[in-house]
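Take a look at the structure below.
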There are 2 protein chains.
Amino acid sequence: MAERHPQGTRVLRRINTAAVLAAVRDADGPVRLTELVELTGLTRPTVTQAVEELLDSGWLQQHAAEPSSLGGRPAVRVSLNGRAAPVLGLDVGPHTVTAGVADLAGEQLAVTRKPVRRKGTTHLLAVIDAVTEEALAAADVTAGRVAMVAIGTPGIVDGEKGRVLFAPSIPGWSSIDLVDHLRARFRCAVGVENDANLAALAVAHGRDGTLLAVQWGERLGAGVVIDGRLHRGAGEAGEIGFIRPPGHNPRDDDGRGPLERTIGAEAITALARAAGGARLDTAADAAEVFAAAADGDPAALDVVDRVARTFAEAVAPSVLVLSPHAIVISGGVARAGAVLLDAIRRHLEDLTLTPPALELSDLAEHTVLTGALRMALDRVWRQRLAT
Amino acid sequence: MAERHPQGTRVLRRINTAAVLAAVRDADGPVRLTELVELTGLTRPTVTQAVEELLDSGWLQQHAAEPSSLGGRPAVRVSLNGRAAPVLGLDVGPHTVTAGVADLAGEQLAVTRKPVRRKGTTHLLAVIDAVTEEALAAADVTAGRVAMVAIGTPGIVDGEKGRVLFAPSIPGWSSIDLVDHLRARFRCAVGVENDANLAALAVAHGRDGTLLAVQWGERLGAGVVIDGRLHRGAGEAGEIGFIRPPGHNPRDDDGRGPLERTIGAEAITALARAAGGARLDTAADAAEVFAAAADGDPAALDVVDRVARTFAEAVAPSVLVLSPHAIVISGGVARAGAVLLDAIRRHLEDLTLTPPALELSDLAEHTVLTGALRMALDRVWRQRLAT
DNA sequence: GAATCTTTATAAAGCACCTTTCATAACCTC
DNA sequence: GAGGTTATGAAAGGTGCTTTATAAAGATTC
């Protein structure tokens, strides 16, 4: 046993500095000491000491004294030093690797990406190293300063142990120990997570409650975020692509799930072709199908409605069980816009008790990277503020 | 703001007494002071002071000195005084009200139940009062000592505000303010929760991870428990009875959900009748259908398989999204045993990636009451151990 | 321009709690 | 009964927070 429970009055110091640090973080812009006293409920000498400690350790920075408009002696003002603990995020995909560096406030200092030209894990690792190097240089951060690394990658990932268990889209990927490779360069914890989960984290940022964040493109996945924390369950939460629509005949396995094969971006195009009609015959991709539907093309509207119905039927059981506050759709199909969303909403109203809010993600790019940075930051803060 | 952050070294005392109390709780049976020192990592004088305080406040009780087998001076031994903060649980159903009293260790001190003979909320409240009185008397606990009250009731409940929003099975129930009525008698917090949710808590006790606890009888509901805490979502989590099976024609609403109408206990009997055959023609209830299936009756086996398939198809999407570690089935249909369970397991293996453990609940009776007591206890402990 | 008020910063005194250390007590085994 | 083991109790020392008092810097007022 002997958990070595923190002893002595030092714990108090820890708790109080954490409270002060959290108060500075939550405020925006420089904060006066007196404000911190009010925000934390601590006494002035306590806050003074905590701030002193935080200035020494680099987490806070002092601003020039500025005469207050209220009269009185100018106040000392401090703010978060974002560069105290920068974090590195990586989005490792089959064709591209993206790296990003963010500061403590969540500001993205640099983002770089590189294509993966050849197959093989050796090349992939080299690309990862190169992209990382570039991002760090652009952000003017040395590897030794990085406080946390988070990696997003497709496939099934054991988030707790940091292992890639199964990644059909990147051959050989599951066998290399990515964490060890990066821990050799960085003196900090390294986390790995499924890319759909990280995208969900990115989408969930700033939201409370329960969220189902759907990534809908060629593939179809989702992440479940409950009160800002990723829900992993037994390890494979959010795999909506493998939901089997009614009447689906399991064909031979190509790695994709039944629902992906039925209403993935590719399948939507195929459905439109089969439906025929003047505009749909020439539709090259899902976007054109949705555009036609938006223009009122009856055949396209019918296809969209069938797709929406299949989606609604697939997620309705989960809506009833999970009772999410919102479902947010991102990915290529999200660009369909209101046409698809309204149709889904209509069907969900029919299939659930009180349907959740249904939205499209407004995150433009780098969703997975943003999620990785968010996870890294979240862990850094959790670590720093833990009592 | 000014959250009035706890000040001074008094916080330390709070933290340390909480640590000691938790250590005593987690140990089973009387604990020596020296053991507590090891368990908490605190120093002896600190533990001594904390124990003194806890003895004074009644949370701990001292045992007679008992010569140790190791030699040396006999140690002072303390243990949890379960009666320091007894909790009251209530299961308010349409036909019966059950009350129970438990001590801090979770031991049920008394359980009483009374039928509800007449309709109307006045009578119902009178029954609640009478049952409560009896349970308290049997447990030898005065109302003033009760530290927490938790109530389980069917319908849709706002667990945070303690309001019954919608309860079709108990007319007029949603309008009365149960919490206020009970708070007049008890000087403590009063919580209300949906009965299926409480049953889920009872089933989840001692389990980690994510759990889907299904109540399957005439009605069909479920509770989601994640790491020992009830998942409420937007307020209606676990409503699997309203999942719509493929091909289901929405008939006029009788308050029950589509899945309940399809594979509830009543529907199973009807299915068996329709299937015909020597044994099924006379089947009076679902239990006889399962008995026939267990005996190998082909028609009964077919019915069970269809029921299992419908259930598996209904929950499979949620399994993929939620990734529960286990699904536990309780309620009347749970008595079907292995016949049903094996069939469900077979279908789930086909419909999910890695199927969760599938089990029957071994909680015999008073599941809702047990859950209510568990929720009350959980809150009491959380309150007492909060730093 | 000096006095006064307001706001903030700094320092010292006092209190609470934990930790260390030493002495004492009770009991067992040999 | 001697020696070892385990537990108790009291005093001294350290750290951190709170209270109180004093000083500094600027705005306002007369």
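Distance CG (L12(A)) to P (dC17(D)): 6 Å, rounded to an integer number of Å. The CG atom of L42(B) sits 15 Å away from the C1' atom of dT20(C) (whole-angstrom rounding). Between the CZ atom of R77(A) and the P atom of dT8(C) there is a distance of 12 Å, rounded to whole Å. Following rounding to the nearest Å, R10(A) (CZ) and dC17(C) (P) show an atom-to-atom distance of 18 Å. Atom CD1 of I15(A) and atom P of dT15(D) are 18 Å apart (whole Å). Regarding R14(A), its CZ atom lies at a distance of 17 Å from the P atom of dC18(C), rounded to whole Å.
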Sort me out a list of protein N/O and nucleotides 23-26 of chain C N/O pairs below 3.5 Å, or just none if empty.
residue: dA25(C); atom: N3; partner: R73(B); partner atom: NH1; Å: 3.3
residue: dA26(C); atom: N3; partner: R73(B); partner atom: N; Å: 3.3

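Side-chain nitrogen and oxygen atoms of R44(A) include at least one within less than 4.0 Å of the OP1 or OP2 phosphate oxygen of dA9(C). Between dC17(D) and T9(B), no contact under 4.0 Å exists linking OP1 or OP2 to a side-chain N or O. Remark: N16(B) is not in phosphate contact with dC17(C), judged by side-chain N or O atoms under 4.0 Å from OP1 or OP2.
In the set dC17(D), dA7(D), dA9(C), the nucleotide with an atom closest to the side chain of R32(B) is dA7(D). In the set dT8(D), dC18(C), dT8(C), the nucleotide with an atom closest to the side chain of L33(B) is dT8(D).
Closest of all the heavy-atom pairs between L42(B) and V37(B) is O-CG1, 3.2 Å. Scanning both residues, A139(A) and R83(A), for their nearest heavy atoms gives O-NH2, 2.7 Å. Annotation for V380(B) and A147(B): closest pair CG2-CB, 4.0 Å, computed over non-hydrogen atoms.
When each of L182(B), T132(B), V101(B), L136(B) is tested with V146(B) by the rule side-chain contact (heavy atoms from CB on, under 4.5 Å), just one qualifies, namely L136(B).
Between the side chain of D227(B) and the backbone N or O of G209(B), at least one donor-acceptor pair lies under 3.5 Å. Remark: side-chain polar atoms of D378(A) are not paired, donor with acceptor, to backbone N or O of W381(A) under 3.5 angstrom. Side chain of W59(A) to backbone of A85(A): no donor-acceptor contact under 3.5 angstrom is found.
In this structure, CD1 in I226(A) is found 3.5 Å from CD1 in I226(B), a value given to the nearest 0.5 Å.
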Donor-acceptor contacts, no H, no angles, side chain residues 46-55 of chain B, under 3.5 Å, sequence neighbours left out:
residue: T46(B); atom: OG1; partner: T43(B); partner atom: OG1; Å: 2.8
residue: T48(B); atom: OG1; partner: R44(B); partner atom: O; Å: 2.7
residue: Q49(B); atom: OE1; partner: R13(B); partner atom: NH2; Å: 2.8
residue: E53(B); atom: OE1; partner: R13(B); partner atom: NH1; Å: 2.9

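For DNA chain D, the neighbouring residues in residues 45-58 of chain A, judged by any heavy atom under 4.0 Å, are P45(A), T46(A), Q49(A).
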